[in-house]
Structure formats: structure tokens, C-alpha cells
2 protein chains.
Amino acid sequence: MQPQSPKYEQIAKEIRKRIREGVYQPKTAIPDQNTLADEFGVSRMTIKKALDGLTMEGLIYTRRGDGTYVLGDIPLKIDTNSPAEEHLGLTAELGHDRVTSKIIKFAIMFLTDELMTHLKLKKNEPVFDIIRLRLVNDKPYVLEHTYMPQKLMTDLNEQVLRHSIYSYLKENLNLKLSGAYRKIHADLSNDFDIQYLNCQAGDPILEVEQVAWLQDGTPFEYSFSRNRYNARSYTVLDISQPTA
Amino acid sequence: MQPQSPKYEQIAKEIRKRIREGVYQPKTAIPDQNTLADEFGVSRMTIKKALDGLTMEGLIYTRRGDGTYVLGDIPLKIDTNSPAEEHLGLTAELGHDRVTSKIIKFAIMFLTDELMTHLKLKKNEPVFDIIRLRLVNDKPYVLEHTYMPQKLMTDLNEQVLRHSIYSYLKENLNLKLSGAYRKIHADLSNDFDIQYLNCQAGDPILEVEQVAWLQDGTPFEYSFSRNRYNARSYTVLDISQPTA
DNA sequence: CAGTGGTCTAGACCACCCC
DNA sequence: GGGTGGTCTAGACCACTGT
């Protein structure tokens with residue numbers, strides 16, 4: 001019991017566990033909110049908040065006037081490799097030791113109009129222009145082209161790039177990213193892709209174009225991640241609001 | 001003022017409007033929760049719930065001990081054509097009169113193992129096997145291959161397919177979809193794509209593979225939507241939880 | 001009708017930020 | 001310190017579902 005996490009989180013965690021272990025079975029009702037409030041010794045509002053979270057995760061659903069039910073597994077989701085819900089970077093996603101990086105470009109450039117818009121910078125402000133090939137178990141995985149404002153990270157160096165930019169941000173600069181907007185495209189492989197990703201001319205590429213920002217909305221990254229088309233897919237869970 | 005929508009929704013709507021109209025400016029603080037509670041004549045919890053929604057939409061951010069601030073526009077988001085957040089179908093997304101459909105296949109088939117898993121059906125249960133070319137302003141837009149359990153929609157017909165399956169579900173069967181899980185791939189165009197989407201041999205395709213389900217978790221659609229690579233992109237807004 | 005979840009209140013305490 | 005947002009309570013009323 002960590003007292004640092006709020007009660008509704010602890011309760012959500014416990015209910016998640018009961019669902020996972022089959023105490024609460026798919027398509028059946030779980031105890032009503034008053035019963036749960038008694039069991040956990042909290043008010044009903046707190047139970048409600050815990051259940052709201054689980055609803056957003058697609059684990060349960062509620063019917064006003066009826067009850068709260070467990071939703072079965074989502075078929076496509078089971079055999080999916082990368083959740084990709086969090087944008088914590090490749091290192092966090094796949095584990096520390098398996099991911100390495102080959103630095104292809106590490107330069108400072110000045111602004112094009114497009115970068116000015118996406119990074120919300122003024123003319124003549126310098127940005128890092130970084131191209132890295134990320135390898136998983138020494139096999140080429142993704143080609144990442146990243147632009148970051150120089151003023152936010154003055155002592156960025158090659159050592160950092162070889163590991164993880166995100167952990168550098170978090171541990172050295174105490175910056176946390178808080179949001180990202182992504183556009184997923186399909187594209188034709190270019191010479192760069194062919195050279196570094198070991199793909200054939202004409203192979204399709206899955207490209208994720210991303211703007212990521214800090215809590216106050218300051219953009220700190222504009223990037224393109226290019227994968228061979230059969231190496232990765234991007235997954236999304238979308239739960240509708242019953243209010244709409 | 002619609003009394004049918006909860007107070008926190010109405011308040012969220014009003015604050016959204018103030019942000020849009022510049023009453024609350026980007027990067028500046030909005031009034032604190034107590035002040036807003038007084039202004040709207042509600043309790044602070046209700047204000048909090050309204051603000052939580054706006055936080056999830058990426059409009060504001062809160063700092064404990066400090067205040068609530070307006071987040072500026074998200075650059076990439078501005079010039080994006082299709083929000084694609086809601087999976088209400090193409091007709092709802094683009095307007096009623098512009099979308100037409102050419103029916104390429106409309107058959108009933110029995111289950112493959114893959115469909116059995118994705119639609120959670122038992123052996124020998126029939127499913128509709130539908131292929132439609134959706135056109136926007138008479139131009140080929142997306143090739144949709146859809147599988148649906150027959151038992152859920154017994155009187156599905158060609159007339160429905162020519163318009164919108166989703167509005168048929170909603171209006172005739174009173175079924176609402178409540179969630180979807182998607183995998184976005186890049187793929188090589190196949191003969192079908194070349195024939196119907198007017199693309200060249202070797203063109204990449206953006207494919208969205210989707211399982212969609214009703215409120216109780218019953219899957220009612222497993223589909224593949226294939227777009228020409230330069231015709232559409234898929235967009236995602238991802239807001240991190242500060243709890244994590 | 002009884003029982004359920006959805007909303008809302010008035011107040012409380014705490015963690016946190018800035019001065 | 002004083003002011004902020006995050007959590008939590010005990011109770012209330014309502015909307016809705018089943019019977």
C-alpha cells in the first residue's frame with residue numbers, strides 16, 4: 001500500500017487485478033458501487049472515479065439503472081506487440097539493453113518555415129537536427145529524424161543520443177513531456193530508408209510524424225519515425241463517450 | 001441552455017468558447033476553481049470535472065499549487081483534414097451528400113479461424129462479407145473490406161450499403177458502437193487497390209485494421225480500410241497522465 | 001416499484017508552488 | 001505564509017433499468 005497514490009488509483013488497481021485473475025468474469029456484473037464503497041471503506045464518489053478510469057481503459061462498462069459489467073478481451077489487442085499508447089520513447093518501450101542507436105546526423109541548423117510553425121520558434125533560432133538509426137538486438141528497426149530547439153537542451157551530446165533522449169530529458173533536465181500529436185502516413189521508401197533500414201526499393205514505409213510538448217505547451221520535438229512496413233504497426237484504443 | 005446535459009458539460013462548453021474567442025489567452029492563467037465555482041454558481045467539484053475534460057482535450061493544463069493555464073494551439077493539428085477521433089464512419093465524418101459507395105462484394109460466408117477470433121463467434125456462424133469502394137465527390141477514396149456477424153443485422157441490404165452502415169445500425173437497430181481497437185499498417189498495393197483506388201502498381205497503402213464493438217463488448221465489425229498513401233493520414237492526440 | 005449508476009453539493013484536508 | 005489544485009466524504013437528488 002503506497003499512501004502516495006490516491007485511493008481511487010489503488011482501488012482501480014485492485015479491481016484490475018480481480019478482472020485479470022477471473023474473480024470478476026467477462027460479461028458478468030461486478031458488485032454495485034455502494035457495495036464496493038463499503039468493501040473498500042471509501043465513499044461512492046471515490047469508487048466512481050476508479051471505475052471511470054477502468055472504463056476509459058476498456059476494461060468495464062456501466063449501464064445507468066442496471067450495473068457495471070466486465071468487458072471481455074479485445075481480440076486484436078491480444079496479439080499486438082507494441083502498445084504504443086505512451087510516447088516514452090523506444091528505450092522505455094522495449095527495455096534498456098536491447099536498444100542501441102547509430103548516429104547518422106547530429107547538427108545544428110536554422111529554421112525553415114515549417115519548423116518555425118511546428119516548434120513555435122522565431123526566425124533564426126537554432127535547432128538540433130538529428131538523424132538516428134535505432135537498432136533492436138542489433139537489427140535495424142526505425143529511422144528517426146528529430147528536430148529539437150537548442151535552447152531547451154544546451155548540453156545535448158553524442159553520448160546521450162546513443163542512449164535515450166527521453167531519459168536524458170527526464171533525469172538531467174527534469175523535463176517531462178505531457179502530450180503529443182501524431183500523424184501516421186504510409187510513404188514510399190527513399191534512398192535513406194533503403195540504405196539504413198535494409199529495405200528494397202519500392203517498399204512501403206510506415207511513418208509517424210509527431211509534435212511533442214512539455215506541460216506548458218512548449219513544443220520540444222518535431223520528428224519523423226520511419227519503419228519498414230512489415231516491421232511495425234501503430235495501435236489505438238478508442239472508447240466512445242456515452243454522453244455524445 | 002439544455003438542461004439535459006450535465007452542468008460540467010455546459011461549463012466546459014463555455015470555457016472552450018472563451019478560449020476559442022481569446023477571452024482566455026494561451027499561456028495565461030484562467031480564473032481559479034473557486035472563482036469559477038462562484039461565477040457559475042456550482043461547487044468546486046463540478047468545475048474540476050469540467051476542467052478535467054478540457055485537460056484531456058489538450059486545451060488547458062493544471063499545476064497543483066499554481067493554477068490552470070491555457071495551452072496554445074497544437075501546430076500539426078491545425079492543418080489536419082480529418083480528426084478521425086470518432087469512429088462514426090465516413091458519412092458522419094465528411095457529410096451526407098458527398099459520400100457515395102460502390103458495392104463490390106456483398107455475400108455471406110462462414111467462418112475462418114481468424115474471423116472466429118476477431119468477432120468472437122463460434123464455428124459455422126455466418127458473417128456478412130462486404131467490400132465497398134467509398135467515393136467522396138465521385139472520386140475513389142477508400143476501399144473498405146468489412147465482416148459483420150449476420151445474426152446482429154438480419155435485414156442488411158444493398159440500399160443500406162450504398163449509404164451508411166453506421167446510421168443504419170443507429171437508426172434501425174438502435175445499436176450504438178462504443179469502442180474500437182485499430183492497427184494502422186503500411187502495405188503494398190494489391191490488384192484490388194490498383195483497380196479501384198486508381199493507384200499505380202507499387203504504390204504504398206495506408207491500411208486501418210479495426211475491431212469495433214457494442215457497449216457490452218460484442219464485436220460487430222472487423223474491417224480493413226485501405227487508402228492511397230497520399231490520400232489520407234491517421235491522426236492521434238495523446239495526453240499523458242500526470243499520475244504516471 | 002426497488003435498485004442501479006450519474007451528477008452535484010458543501011465542506012474538509014492535503015500537497016504543492018511562489019513569495 | 002497564503003493561495004492553488006487534487007482528493008475525499010456523507011449525503012442528496014435524479015435518470016434509468018429491470019420487474
Side-chain angles (χ1 to χ4, degrees), chain A residues 1-15 24 27-56 59-71 174 176 178 214-216 239-244, chain B residues 1-13 15 24 28-56 59-71 174 176 178 214-216 239-244:
Chain A
M1 183 97 70
Q2 311 103 304
Q4 64 249 37
S5 80
K7 289 186 187 176
Y8 69 85
E9 270 287 352
Q10 298 175 32
I11 292 168
K13 191 173 173 181
E14 171 62 24
I15 295 177
Y24 300 150
K27 299 270 183 177
T28 65
I30 72 173
D32 66 85
Q33 295 181 359
N34 282 310
T35 305
L36 289 171
D38 285 349
E39 188 205 321
F40 288 102
V42 299
S43 84
R44 189 161 77 92
M45 284 286 287
T46 303
I47 295 294
K48 178 62 165 47
K49 187 149 191 192
L51 297 182
D52 280 347
L54 300 177
T55 301
M56 280 311 166
L59 284 177
I60 60 174
Y61 69 100
T62 56
R63 293 217 317 147
R64 189 199 199 99
D66 186 0
T68 302
Y69 297 83
V70 178
L71 209 62
N174 200 27
K176 285 173 296 185
S178 102
L214 306 174
Q215 196 188 30
D216 70 349
I239 308 285
S240 302
Q241 307 288 9
T243 15
Chain B
M1 186 94 69
Q2 312 102 306
Q4 65 249 37
S5 80
K7 289 185 187 177
Y8 68 85
E9 272 286 355
Q10 298 175 32
I11 293 167
K13 192 173 173 181
I15 295 176
Y24 300 150
T28 66
I30 73 173
D32 66 84
Q33 296 181 359
N34 282 309
T35 306
L36 288 171
D38 284 349
E39 188 205 321
F40 288 102
V42 300
S43 84
R44 190 161 76 91
M45 285 286 288
T46 303
I47 295 294
K48 177 63 165 51
K49 187 148 192 194
L51 296 182
D52 279 347
L54 300 178
T55 301
M56 281 310 165
L59 284 177
I60 60 174
Y61 70 100
T62 56
R63 293 215 320 147
R64 189 201 200 100
D66 185 1
T68 302
Y69 297 82
V70 178
L71 209 62
N174 201 27
K176 284 174 296 185
S178 102
L214 306 174
Q215 196 187 29
D216 70 349
I239 308 286
S240 302
Q241 307 288 9
T243 15

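First the proteins, then the strands, lettered A, B, ... as listed; each starts at 1.
- In this structure a side-chain-to-backbone donor-acceptor pair under 3.5 Å is missing from A/Q33 to A/S43.
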Under the rule of Watson-Crick or G-U wobble with both distances under 3.5 Å, where | means paired to another strand and [ ] a crossing pair, DNA chain D maps to |||||||||||||||||..
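- In this structure, a donor-acceptor pair under 3.5 Å is present between the side chains of A/D32 and A/T35.
- At D/dC8, none of the side-chain N or O atoms of A/Y8 fall inside 4.0 Å of OP1 or OP2 (strictly under the cut-off).
- Between D/dG6 and B/Q33, a contact under 4.0 Å exists linking OP1 or OP2 to a side-chain N or O.
- Taking only side-chain nitrogens and oxygens, B/T46 never comes nearer than 4.0 Å to OP1 or OP2 of C/dT7.
- Side-chain contact between A/L51 and A/T68 is present, with at least one heavy-atom pair separated by less than 4.5 Å.
- Listed pair A/K7 / D/dG6 fails the phosphate criterion, with no side-chain N or O lying under 4.0 Å from OP1 or OP2.
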Where do N or O atoms of nucleotides 10-13 of chain D meet protein N or O atoms at under 3.5 Å, pair by pair?
| unit_1 | atom_1 | unit_2 | atom_2 | d |
| --- | --- | --- | --- | --- |
| D/dA12 | N6 | A/R44 | NH2 | 3.3 |

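- One finds a side-chain N or O of A/K48 lying less than 4.0 angstrom from the OP1 or OP2 phosphate oxygen of C/dG6.
- Between A/T62 and the phosphate of C/dG6, there is a side-chain N or O to OP1/OP2 separation shorter than 4.0 Å.
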What protein N or O atoms touch nucleotides 1-3 of chain D N or O atoms at under 3.5 angstrom, if any, and at what distances?
| unit_1 | atom_1 | unit_2 | atom_2 | d |
| --- | --- | --- | --- | --- |
| D/dG3 | N2 | B/G65 | O | 2.8 |

